[in-house]
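Below is one structure, written out as structure tokens; the observations come after it.
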Amino acid sequence: MATFKEIYKVVKAIPKGKVASYGQVAVMVGSPRGAQMVGWALHDMDQSSGQTSKKSRGLTWEAVPWHRVINARGEISTTCREHSAALQAGLLQEEGVEVKLTPENIYKVDLEKYRW
DNA sequence: AAGGTGACTAACA
DNA sequence: ATGTTAGCCACCT
């Protein structure tokens with residue numbers, strides 16, 4: 001069953017230097033159709049550095065590498081776009097992941113190379 | 001308890 | 001080929 005906890009667990013399992021799509025994570029947690037929920041789970045902790053900050057959904061947000069999770073096209077699709085997206089891209093690059101910036105200001109990752 | 005929501009995806013027009 | 005619509009499923013109010 002795909003719960004936040006399970007999702008975090010899977011996300012934390014993503015190796016450094018690799019990325020996974022929401023759908024991919026969803027499948028791993030056992031809910032192939034729960035992609036949206038995955039992104040949602042991550043969004044709950046968007047604080048960037050990783051602080052529980054607001055008690056939010058009451059889940060413990062230990063260092064979950066949420067930046068390694070992107071959409072099916074390898075793009076960073078945050079609702080807060082530029083804000084969180086830039087941070088995410090930066091973190092990925094630090095891990096050795098090549099992140100491109102499209103003309104539309106959308107960060108993209110080469111899934112062919114970095115997909116988990 | 002029921003309804004609404006969302007960092008998605010895939011299929012259809 | 002792009003743009004829209006529908007399905008999804010746990011979590012919040």
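Protein chains get the first letters and strands the later ones, always in sequence-line order, with residue 1 at the start of each. Predicted model, so just to flag it, every value in this text is computed and none were measured.
- Atom pair A/His43:NE2 and C/dC12:P shows a separation of 14 Å (rounding to whole Å applied).
- Within 4.0 Å (heavy atoms only), A/Ser31 reaches no atom of the nucleic acid at all.
- Counting only heavy atoms from C-beta outward, the side chains of A/Asp44 and A/Tyr8 approach each other to under 4.5 Å.
- Counting to the nearest Å, the P atom of C/dC11 and the CZ atom of A/Arg33 are 19 Å from each other.
- For A/Glu75 (side chain) and A/Lys108 (main-chain N/O), no donor-acceptor pair under 3.5 Å exists by modelled atom type.
- Between the side chain of A/Tyr114 and the main chain of A/Val99, no donor-acceptor pair closer than 3.5 Å is present.
- Distance, A/Trp40 CH2 to C/dC12 P: 7 Å, rounded to whole Å.
- At least one side-chain heavy atom of A/Pro65 sits less than 4.5 Å from a side-chain heavy atom of A/Val11.
- Side-chain contact between A/Tyr107 and A/Ile70 is absent, with no heavy atoms from C-beta onward closer than 4.5 Å.
- In this entry the distance linking CG of A/Asn71 with P of B/dG6 reads 18 Å, nearest Å.
- Looking at residues 16-28 of chain A, you'll see A/Ser21, A/Tyr22, A/Gly23 sit with a heavy atom under 4.0 Å from some atom of DNA chain B.
- When the C1' atom of C/dC11 is taken as reference, atom CE of A/Met1 falls 13 Å away, rounded to whole Å.
- Of the residues listed (A/Val19, A/Ile14, A/Ile7, A/Val10), the one engaging A/Val69 in a side-chain contact (heavy atoms from CB on, under 4.5 Å) is A/Ile14, and it is the only one.
- Side-chain N/O atoms of A/Thr79 include one lying less than 4.0 angstrom from OP1 or OP2 on B/dA7.
- Listed nucleotides B/dA7, B/dG6, B/dT9 differ in distance to A/Ala35; the shortest reach to its side chain belongs to B/dT9.
- For the pair A/Arg68/A/Val97, no side-chain contact is recorded, criterion being any heavy-atom separation below 4.5 Å from C-beta on.
- Regarding A/Ile76, its CD1 atom lies at a distance of 15 Å from the C1' atom of B/dC8, rounded to whole Å.
- Rounded to whole Å, the distance from CE on A/Met37 to C1' on B/dG4 is 16 Å.
- In this structure, the CG atom of A/Asp44 is 11 Å from the C1' atom of B/dG6, given to the nearest Å.
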